[in-house]
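The model shown is predicted, which means the values in this text are computed figures rather than measured ones.
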Amino acid sequence: LLEKEKKVQNQKKNVLNAEKEVELAKKEVFQKQKEEEKLHMHKERWQKELDYYQEQQEAVFQDELGAVKFNMRQKKGAKK
């Protein structure tokens, strides 16, 4: 009978330890999810900045291209 009670006590201790480990794991998962959410937000912000920069570069390129075409037309007109 005492042996069975010792086994029960040991199993209770094991259950308590397992429950503590589960709680720690839950906290860790929650923390990782928060970190992932922050990274996702930073990625979205970075992507918006990158898109804006690319649009600005494209606009500058188009302006320069338009200026070159205009100058070429003016030179052709001056030759005639």
Side-chain angles (χ1 to χ4, degrees):
L1 186 63
L2 286 176
E3 202 172 297
K4 287 184 179 181
E5 285 182 25
K6 284 183 182 179
K7 284 184 181 180
V8 169
Q9 291 299 323
N10 282 336
Q11 288 177 348
K12 285 183 180 180
K13 286 180 186 178
N14 288 340
V15 167
L16 287 175
N17 286 336
E19 287 175 346
K20 288 178 184 177
E21 288 181 23
V22 166
E23 282 302 313
L24 288 174
K26 284 181 181 179
K27 288 179 182 178
E28 192 173 315
V29 166
F30 179 74
Q31 195 66 25
K32 296 290 182 184
Q33 286 174 338
K34 283 175 58 177
E35 290 175 13
E36 182 182 8
E37 186 177 319
K38 285 181 184 178
L39 287 172
H40 184 69
M41 287 172 40
H42 287 297
K43 181 182 177 187
E44 285 179 354
R45 186 178 311 139
W46 176 81
Q47 188 64 46
K48 286 180 183 177
E49 290 176 9
L50 180 63
D51 291 344
Y52 177 77
Y53 175 76
Q54 287 175 336
E55 287 174 10
Q56 294 300 316
Q57 293 294 87
E58 181 67 24
V60 168
F61 177 75
Q62 291 297 328
D63 286 346
E64 290 175 357
L65 187 61
V68 168
K69 286 181 180 180
F70 178 77
N71 288 336
M72 288 177 65
R73 286 187 191 133
Q74 288 227 337
K75 287 181 182 179
K76 283 184 181 180
K79 288 182 181 179
K80 289 184 180 179

Side-chain heavy atoms of [X] within contact of [Y], under 4.5 Å:
| X | Y | result |
| --- | --- | --- |
| Asp51 | Lys48 | no |
| Glu19 | Leu16 | yes |
| Lys26 | Glu23 | yes |

Under 3.5 Å side-chain donor-acceptor pair for Gln54 and Glu58: no
Pairing donors with acceptors under 3.5 angstrom, does anything connect the side chains of His40 and Glu44? yes
Would you indicate whether Gln62, at its atom CD, is surrounded by more than 12 heavy atoms from other residues, nucleotides or ligands within a distance under 6.0 Å? yes
Is the number of heavy atoms from other residues, nucleotides or ligands under 6.0 Å of Gln57 CD greater than 12? yes
NZ on Lys4 to CD on Gln9, rounded to 0.5 Å: 15.0 Å
Approximate separation, where rounding is to 0.5 Å, of Lys32 NZ and Leu39 CG: 10.5 Å
